[in-house]
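Proteins get letters first, then strands, A, B, ... in listed order; numbering begins at 1 in each.
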There are 2 protein chains.
Amino acid sequence: MARSDAVRNREKVLRAAEAVLGEQGLSARMDEIARRAGVGVGTVYRHFATKEALYQAIVTARVDELLAEAAQLRDSGEPRTAFFTFFTRVVVDAAGKKAYIDALRTAGIDPKAGQAGQAAEMRKAIDDLLREAQQAGAVRPDAALPEILALLRGASMAAETGDYPAGVLDRSLAFLLDGLRPA
Amino acid sequence: MARSDAVRNREKVLRAAEAVLGEQGLSARMDEIARRAGVGVGTVYRHFATKEALYQAIVTARVDELLAEAAQLRDSGEPRTAFFTFFTRVVVDAAGKKAYIDALRTAGIDPKAGQAGQAAEMRKAIDDLLREAQQAGAVRPDAALPEILALLRGASMAAETGDYPAGVLDRSLAFLLDGLRPA
DNA sequence: ATTGAAGTGGAATCCTGATTCCGATTCTAG
DNA sequence: CTAGAATCGGAATCAGGATTCCACTTCAAT
């Protein structure tokens, strides 16, 4: 039913939006996204009712990918590693993608919209990894989910901001994770 | 020379702006600031050429306070504690004050405006505390300033965002700081 | 090849604030 | 107490962007 060119354009918009929103965050202009997609603003709006909707589409997709990865790690049989790997993945993934801040914020609380479900999933995924890691003695037992989420958020936000000299981010993260290990 | 009432109004504006910008960040409206100050927008503009200027005035003042505290801690003769205390102070101070994000960002890099000098001072202050703490064996020797700044920024940003259940922030920060201690 | 529905481009419109302007009000020096 | 300067207040002006509209293309089913 859907016209082939329409589908193609939708893709182009999505890709352009991902790039532009990633670089500039929510403050990016719809015009810019349209230009980069090689399309008129009107077309962008035909596919996504609003800037917010476009943004959500992108974030939702990305979070789904992360959730899939979390599931995979959970079943990897390496609980001691899985938690740290996922934590790192999220932070690295956030680096340079300003569009994530809100996603993380949402994961924290914010029962807004339908994304609430996704946020809950994310929390659960992290909680699972955390528990198993603690069970395996890889993470200090006094660390609870809320604290982990706060740290994850902080790390992600820091990673998104400014460009650090090579290695700084990795080392910072390493220190942070060390703080989560048993004494 | 300056009219007494003008001085008073300037103060009112400053106080109101501090409150409003603290709660809502840069997105706060000038109208709101004026209303809270019990003054017309025009008056706000008579004292501060632009929203940015008003914002800078506030941040600059606050950072100066922090610098003073840093100096005091440096001379306290408690290097083992000073570093952690200051780190904590900055984060706690940032909690709920959305206006700081940018200040911290600036402290990171951003040679913008005259604030560049202040940013440099802040970096130096932290560096001093860090070195002494390491000298005293309270902080792992492989932690360098850039990493510390990244962590400080992340922690501050996380603290500013959303409201966490009581204690979460403190515990998160405790874990983070544990990661900076020698093994 | 033909045609009406679906899709497109991008100028025009709307909205939301920041900033400007200026007549009305205080101050305060004399 | 009085005049002139310094301030005020807040309506009017501007500007930046999101969103809407619609005449004009493209599709693709027939």
Side-chain angles (χ1 to χ4, degrees), chain A residues 1-60 98-103 106 112-113 115, chain B residues 1-60 98-103 106 112-113 115:
Chain A
M1 212 77 233
R3 264 215 229 171
S4 59
D5 63 331
V7 176
R8 209 174 311 125
N9 276 337
R10 186 176 212 282
E11 278 312 305
K12 286 200 290 184
V13 170
L14 228 27
R15 262 194 285 286
E18 191 162 347
V20 178
L21 289 179
E23 299 168 6
Q24 318 183 8
L26 271 316
S27 63
R29 280 187 256 132
M30 287 302 257
D31 302 54
E32 168 71 356
I33 293 178
R35 171 163 47 278
R36 284 242 218 152
V39 139
V41 227
T43 298
V44 173
Y45 277 93
R46 170 162 308 291
H47 295 296
F48 301 92
T50 189
K51 179 155 96 166
E52 176 69 14
L54 176 52
Y55 171 72
Q56 281 299 350
I58 291 174
V59 172
T60 297
K98 305 203 175 177
Y100 284 6
I101 312 182
D102 285 353
T106 296
K112 185 197 289 183
Q115 275 57 50
Chain B
M1 213 78 236
R3 264 216 230 168
S4 61
D5 62 332
V7 176
R8 211 174 310 127
N9 276 336
R10 186 174 212 282
E11 277 313 306
K12 286 201 290 184
V13 170
L14 228 27
R15 263 194 285 285
E18 192 163 345
V20 178
L21 288 178
E23 299 168 6
Q24 319 182 7
L26 271 316
S27 63
R29 279 185 260 134
M30 288 302 257
D31 302 54
E32 167 71 356
I33 292 177
R35 169 162 50 277
R36 286 241 217 149
V39 138
V41 226
T43 299
V44 174
Y45 277 93
R46 172 163 312 290
H47 295 296
F48 301 92
T50 189
K51 179 153 97 166
E52 176 68 13
L54 176 53
Y55 170 73
Q56 282 298 348
I58 290 174
V59 172
T60 296
K98 305 204 176 177
Y100 284 10
I101 312 182
D102 284 354
T106 296
K112 187 195 288 181
Q115 274 55 48

Q.
Using whole Å, what does the distance between atom P of nucleotide C:dT16 and atom CG of B:Leu26 come to?
A. 20 Å
Q. What's the CG-C1' distance between A:Asp31 and D:dT20, to the nearest Å?
A. 14 Å
Tabulated below should be each protein N or O lying under 3.5 Å from an N or O of nucleotides 9-12 of chain D; please produce it.
| from | atom 1 | to | atom 2 | distance (Å) |
| --- | --- | --- | --- | --- |
| D:dG9 | OP2 | B:Gly40 | N | 2.9 |
| D:dG9 | OP2 | B:Thr43 | OG1 | 2.5 |
| D:dG10 | N7 | B:Gly42 | N | 3.1 |
| D:dG10 | O6 | B:Gly42 | N | 3.4 |

Q. What's the CE-C1' distance between B:Met30 and D:dA15, to the nearest Å?
A. 16 Å
Q: Would you mind telling me which of D:dC8, C:dA18, D:dT19 lies closest to the side-chain atoms of B:Lys51?
A: C:dA18
Name the pairs: protein N/O against N/O of nucleotides 23-26 of chain D, kept only if under 3.5 Å.
| from | atom 1 | to | atom 2 | distance (Å) |
| --- | --- | --- | --- | --- |
| D:dT26 | O2 | A:Arg3 | NH1 | 3.3 |
| D:dT26 | O2 | A:Arg3 | NH2 | 2.9 |

Q. Okay, side chain of A:Thr60, backbone of A:Gln56: is any donor-acceptor separation there less than 3.5 Å?
A. yes
Q | Phosphate OP1/OP2 of C:dT28 contacted by B:Ser4 side-chain N/O (<4.0 Å) | A | yes
(Q) In this structure, how many angstroms lie between the P atom of D:dG17 and the CG atom of A:Leu54, rounded? (A) 17 Å
Q. D:dA18 phosphate, OP1 or OP2: any side-chain N/O from A:Thr50 under 4.0 angstrom?
A. no
Q.
Restricting to side-chain contact (heavy atoms from CB on, under 4.5 Å), what partner residues turn up for B:Gln24, sequence neighbours left out?
A. B:Val20, B:Ala28, B:Glu32
Q) About how many Å separate CD1 of B:Ile33 and OH of B:Tyr55, when rounded to the nearest 0.5 Å? A) 12.0 Å
**Q.** Atom-pair distance (CZ on A:Phe48; P on C:dG7), nearest Å
**A.** 13 Å
Q: Report the distance from atom CZ of A:Arg29 to atom CZ of A:Arg35, rounding to the nearest 0.5 Å.
A: 7.5 Å
Q: Classify the nucleic acid contact of A:Ala28 as base, sugar-phosphate or nothing, counting any heavy atom under 4.0 Å across all strands shown.
A: sugar-phosphate
Q.
If I take atom CD1 in residue B:Ile33 and atom P in nucleotide C:dG17, what distance separates them, rounded to the nearest angstrom?
A. 13 Å
(Q) Within a 6.0 Å radius of atom CZ on A:Arg36, are there more than 12 heavy atoms belonging to other residues, nucleotides or ligands? (A) yes
Q | Side chain of B:His47 - closest among D:dA18, D:dA28, D:dC8 | A | D:dC8
Q: Write down the distance between CD (A:Glu32) and C1' (C:dG10), rounded to a whole number of angstrom.
A: 16 Å
Q: Report the C-alpha distance between A:Asp5 and A:Arg3 in whole Å, list the side-chain angles of each, state the deciding distance to 0.1 Å, and finish with yes or no for salt bridge (Lys or Arg N to Asp or Glu O under 4.0 Å).
A: CA-CA 6 Å; A:Asp5 63 331; A:Arg3 264 215 229 171; 3.3 Å; yes
Q: Rounded to the nearest 0.5 Å, what's the gap from CG on B:Asn9 to NZ on B:Lys12? Could you check?
A: 4.5 Å
Q: From the options D:dG17, C:dT19, D:dC8, select the nucleotide whose nearest atom is closest to the side chain of A:Arg29.
A: D:dG17
(Q) If you only use heavy atoms from C-beta on, which nucleotide in D:dT20, C:dA18, C:dC27 is closest to the side chain of B:Tyr45? (A) C:dA18
Q.
Can you confirm whether A:Leu14 sits close enough to A:Leu54 that some side-chain heavy atom of one is under 4.5 Å from a side-chain heavy atom of the other?
A. yes
(Q) Is it the case that the side chain of B:Lys51 and the backbone of B:Leu26 share a donor-acceptor pair, with hydrogens and angles ignored and the cut-off at 3.5 Å? (A) yes
